[in-house]
Amino acid sequence: MDREVKSTCCYCGVGCGVLIRTDGEKILGVRGDPAHPANGGRLCTKGASLDQTLVGEQRLRYPAWRRDRNAPAERIDWSRALDMAAERFAEIIRRHGPDAVAFYISGQLMTEDYYVFNKLAKGLVGTNNVDTNSRLCMSSAVAGYKRTLGADAPPCTYRDIALAGSLLIAGANPAVAHPIVFRQIEDARAANPEMKIVVVDPRRSETAAIADLHLAIRPGSDVALFNAMLHVLLAENQVDRAYVARHTEGFDALERIVAAYPPAVAAELCGVPVGDIVQAARWFADSGPALSLYCQGLNQSVHGTDNNVALIHLHLATGQIGKPGAGPFSLTGQPNAMGGREVGGLANLLSAHRDLADPVHRAEVAQLWGVPEVPAKPGKAAVDLFQALKTGEIKAVWIACTNPAHSLPNQRLVREALAAAEFVVVQEAFADTDTAAFADLLLPATAWSEKQGTVTNSERCITRVFPALAPSGEARDDWRIAVDFAHRLGRALGHEDAEKRFPYTSTAEIFDEHRATTIGRDLDIGGLDYAILESRGPQQWPFPAGASHGAERLYEDGRFPTADGRARFVPVEFRPTADSLAVDRPLSLISGRMRDHWHGMTRTGLVPRLFNLEDEPLLGMHADDMHERGLRDGDIARVSGLRGAFAVRVAEDAALRQGCLWTPMHWGSRFMNSPGANAVVSDAVDPYSMQPELKHAAVQVERLALDWPLALIRRCADRDEALALLAAVRRQLDDFPYATVGLYGRRNALVVFRAALAEAPNAETLAALDALFGLSGERGAIAFVDNARRIAKKAMTVDGRLEAVRLSGETAALDWLRGAMAEDELDAALLRYALAPSRRAPMAAVARHIVCKCADVSDVQIRDALAGGADLAALQDGLKCGTFCGGCLPEIRRLAAACNAQQPAAA
């Protein structure tokens, strides 16, 4: 019998509620949970496609080990796998001490999973070497909150967006990265047309397109901008001196520093007009409640903490905090990065926002855990952890639910570190991640829809997650794997009480212990339990014993979780990026997200329709930068920096300031023959947060003489066939100087391969690719060969349908062919056009892509409706596009503007 199960989306930190419809055997569909406070029933394209991500041989279903790193993985049973892990870890600990092992975990784990791993490392092994991929996205936000407000506690709620008079969006692109938040921004603007929106971003992003003011600052100049805005507030008497005197300290020292940042000075540092800085400051002060939203653009910097601090200063100086519609609101990058921080899942933290460096906090946790002590020696944060793995200081690493061989900076070093390690355990739901290739031992973990526990989103809202399906194969919950390992490791190390330290048989027991550690702390959830979460739905913390509900906003009384109850102003100054521009590296590479993919695409990369908007890695460049290097749209270029290089296709991007390049961070070795942007970005870290500067690298771009294009497309019978072909083609990528592979499609699933070479490929290379793509043989084949120009094209048809195409030497038709094959639009009479050297589709084939994936609406449908007189409201009412998440609204508006521009002027 069908039923709906409550869960959450497993992508960004908005924490959208999801209802999973299931018959107990499979997922029948997903929809947004209308009762969830984070999304009210809305889902973005990624969330709406979650039911399509649990397919194929990509799932890791059984434990496996490798006899050596070059050997194939062999299936083993759980008992042998965990015994092997315990024996290897115990041996290394006995020989080299507890700090010779490490755990690297993930913001996608449940809070209960996180809690057990943290206790395993710090309370059993005796090492603080447990860090998480949250270090890469949120640790500067954590440090910024702690240095100013006293605790890692976002003071705002999503409901503040509708109450704000002005929005300052800095280093964030919610239109793409947090579409549900962006939809709330759009709703707020519609309800209050007077709302002022200022966007700070070196690139004119999709979010900047709706701004009243876009400050396209130079990368890394955020502190100069915010200090200058504070300078303006001081000069124009917009500082709330009474609030500052009653509730803060340190303002006098900061005021002296800010005096050196008049708008003219900051304009020179930031590369924006003086008047724009003044206007941004005035709108912040004069427009009513001021809310700031910020994310990785501030965080992923060697001065990411200072960036956060300087922004929070604006709120403290004006008293714009602890009020409806006001406050500094950090947008979390992962679904449970908050929950991981709550349980101390970073190398410098302990449970319930305690600090490892504080001996009182260590003693409290030791008592709560029933252990003699928690080690005082600081653990290795993510970048240092992998550097220590390379040098041999750390011998073994346990990696759970994350993919460092894609996501960390300086990928050459990371991969060398994994190769050098004595023992690597990878605990994963998917078998084909970049990191899995380095594993000695692979442990299958449950995936979304199979997991249970709790997660905490950006607004401190805790949601109970229920499983909709039984684990796939022999997969186990992450917490259960960690508990079973703890029992075995404890025995191997002579800790006979290990089973008493880890007595858990359910996530409820773990949550109750976690809850007990929070009592009396800033995140006190002593009054919250599974029963309340299940009966009353998601709840915000703090939720102390005796409370009837959680706190919607923090600091309403002006008291902060510091020793004296006052917030802190911290002296911060402008500092340059870690990578300095130079004659041989004159360009700034910045990165960001695509609308329809997430992180390393381990999950979203299984869904063909999520490639329809962007299906190939591209490097955006300013037209003048391209001209200086003799580059044209579609050329292949080499991007090189201090740490490495990668090849990528270039595209002119009018959204960029001159000197800036932009590329999505998602593309890596599973879809191109390099690690992508992380091959070149800096692994220098912020001194407070230890977060690396993933957002900037100084690089050079040079045209590669790879003028021989090659492309193949295969229409697959179903997605399983497409994923099998995708996996097979990946193994060929390194045979080419430039190559990419990806999916595409809606009605039909396609695999699309692109390559570029210095000269025509030999017959053996083409034959091997033809065999992979079903192009061998002559039955049903159409061919075109020009020996003089060495152009070789071939198409394969079955029953009048185009099944596969190979274009070698000339690929003008690739884009329309891809769309026609995905939509079955090329009828038998037009098959001969498949090999024509034309960028224009034949009349019966219409080039299209899906704009609204939630409603499955294409640009062709939208253009037809616009031509018929529809406006945005009519499009939303008739086609339903733009009514689910809002992620497609910027593109719909661009289409509408283009249609209006083509209309003849009225007489």
Side-chain angles (χ1 to χ4, degrees), residues 173 201-206 208-209 214-221 267-273 276 577 579-592 594 614-642 644-665 667 672 674 676-677 679-681 695-711 737-740 754-759 809-812 814-815 837 839-840 894 897-898 901:
N173 186 15
D201 195 316
R203 173 176 170 261
R204 187 168 179 79
S205 66
E206 293 83 350
H214 172 217
L215 296 170
I217 64 171
R218 292 191 178 98
S221 62
E268 190 69 25
L269 292 170
C270 299
V272 296
D276 287 355
T577 54
D579 268 11
S580 298
L581 300 184
V583 172
D584 58 341
R585 297 182 306 280
L587 300 171
S588 290
L589 174 66
I590 58 176
S591 64
M594 297 188 292
E614 298 169 274
D615 76 326
E616 180 188 19
L618 294 174
L619 179 74
M621 296 185 69
H622 189 278
D624 291 345
D625 292 326
M626 293 179 66
H627 178 73
E628 287 175 10
R629 289 158 180 79
L631 287 164
R632 296 178 299 176
D633 260 359
D635 282 350
I636 309 300
R638 181 177 185 266
V639 182
S640 59
L642 291 171
F646 66 101
V648 66
R649 194 180 305 278
V650 300
E652 183 180 330
D653 189 346
L656 290 166
R657 59 181 296 142
Q658 188 172 3
C660 264
L661 317 169
W662 187 87
T663 193
M665 47 82 79
W667 300 109
M672 61 193 299
S674 81
V680 298
V681 295
K695 278 293 184 186
H696 181 261
V699 299
Q700 180 59 282
V701 175
E702 302 164 291
R703 187 182 185 279
L704 290 175
L706 301 176
D707 297 325
W708 195 271
L710 175 63
Y738 169 79
T740 70
R754 297 176 175 90
L757 304 88
E759 57 185 11
E810 190 280 309
T811 60
L814 175 62
D815 286 348
R839 298 185 186 278
R840 298 185 61 184
R894 286 195 293 272

Worksheet item: Which heavy-atom pair separates Leu631 from Ala637 by the least distance, and what is that distance?
Response: CD2-CB, 4.2 Å
Worksheet item: Quick one: side-chain contact (heavy atoms from CB on, under 4.5 Å) partners of Ala209, sequence neighbours excluded?
Response: none
Worksheet item: Heavy atoms, side chains only, cut-off 4.5 Å: are Asp815 and Arg839 in contact?
Response: no
Practice prompt. Without swapping roles, check the side chain of His622 against the backbone of Cys660 for a donor-acceptor pair under 3.5 Å.
Written response: no
Worksheet item: Looking at CG of Leu706 and CG of Asp635, how far apart are the two atoms once the value is rounded to the nearest 0.5 Å?
Response: 10.0 Å
Item to complete: Please round to the nearest 0.5 Å and tell me the distance separating atom CZ of Arg657 and atom CG of Asp201.
Response: 11.5 Å
Worksheet item: So how far is it from Ser640 OG to Gln700 CD, rounded to the nearest 0.5 Å?
Response: 6.5 Å
Worksheet item: Would you say the side-chain atoms of Arg218 pair up with the backbone N or O of Leu269, donor to acceptor, closer than 3.5 Å?
Response: yes
Discussion item. Contact between Met626 and Asp633 at the side-chain level, heavy atoms closer than 4.5 Å - yes or no?
Written reply: yes
Worksheet item: Has the side chain of Glu810 got a donor or acceptor atom that lies under 3.5 Å from a matching backbone atom of Ala812?
Response: yes
Worksheet entry | Results of side-chain contact (heavy atoms from CB on, under 4.5 Å) for Thr740 - residues two or more places apart only | Glu616, Pro617, Met672, Tyr738, Arg754
Worksheet entry | Non-hydrogen atoms of Ala216 and Pro202 that approach each other most closely | CB-O, 3.9 Å
Worksheet item: For Val681 and Met665, what are the C-alpha separation, side-chain angles and deciding distance, and is it a side chain to side chain contact (heavy atoms under 4.5 Å, CB included)?
Response: CA-CA 10 Å; Val681 295; Met665 47 82 79; over 6 Å; no
Worksheet item: Is there a donor-acceptor contact under 3.5 Å from the side chain of Asp625 to the main chain of Gln658?
Response: no
Response to the item:
In short, Asp615 meets Trp667 closest at the heavy-atom pair C-CH2, 3.7 Å
Worksheet, complete the sentence: dist Ile636:CD1 -> Leu619:CG (nearest 0.5 Å) comes out at 10.5 Å
Discussion item. Please give me the minimum heavy-atom distance between Val272 and Leu215, naming the atom from each residue.
Written reply: CG1-C, 4.2 Å
Which side-chain N or O atoms in residues 580-587 pair as donor and acceptor under 3.5 Å with protein atoms at least two apart or in another chain?
none

Worksheet item: Closest heavy-atom contact between Thr577 and Pro219?
Response: CG2-O, 3.6 Å
Item to complete: Taking all heavy atoms of Asp653 and all of Gly620, pick out the closest pair and write down the distance.
Response: CB-CA, 3.9 Å
Worksheet item: To the nearest 0.5 Å, how far apart are CE in Met621 and CH2 in Trp662?
Response: 15.0 Å
Practice prompt. Please indicate whether Glu628 has more than 12 foreign heavy atoms, meaning atoms of other residues, nucleotides or ligands, lying under 6.0 Å from its CD.
Written response: yes
Discussion item. With a 4.5 Å cut-off on side-chain heavy atoms, are Arg629 and Val650 touching?
Written reply: no
Worksheet item: Distance-only, no hydrogens or angles: does the Ser591 side chain make a donor-acceptor pair with backbone N or O of Lys695 under 3.5 Å?
Response: no
Item to complete: Return yes if some donor-acceptor pair links the side-chain N/O of Arg649 with the main-chain N/O of Leu618 below 3.5 Å, else return no.
Response: no
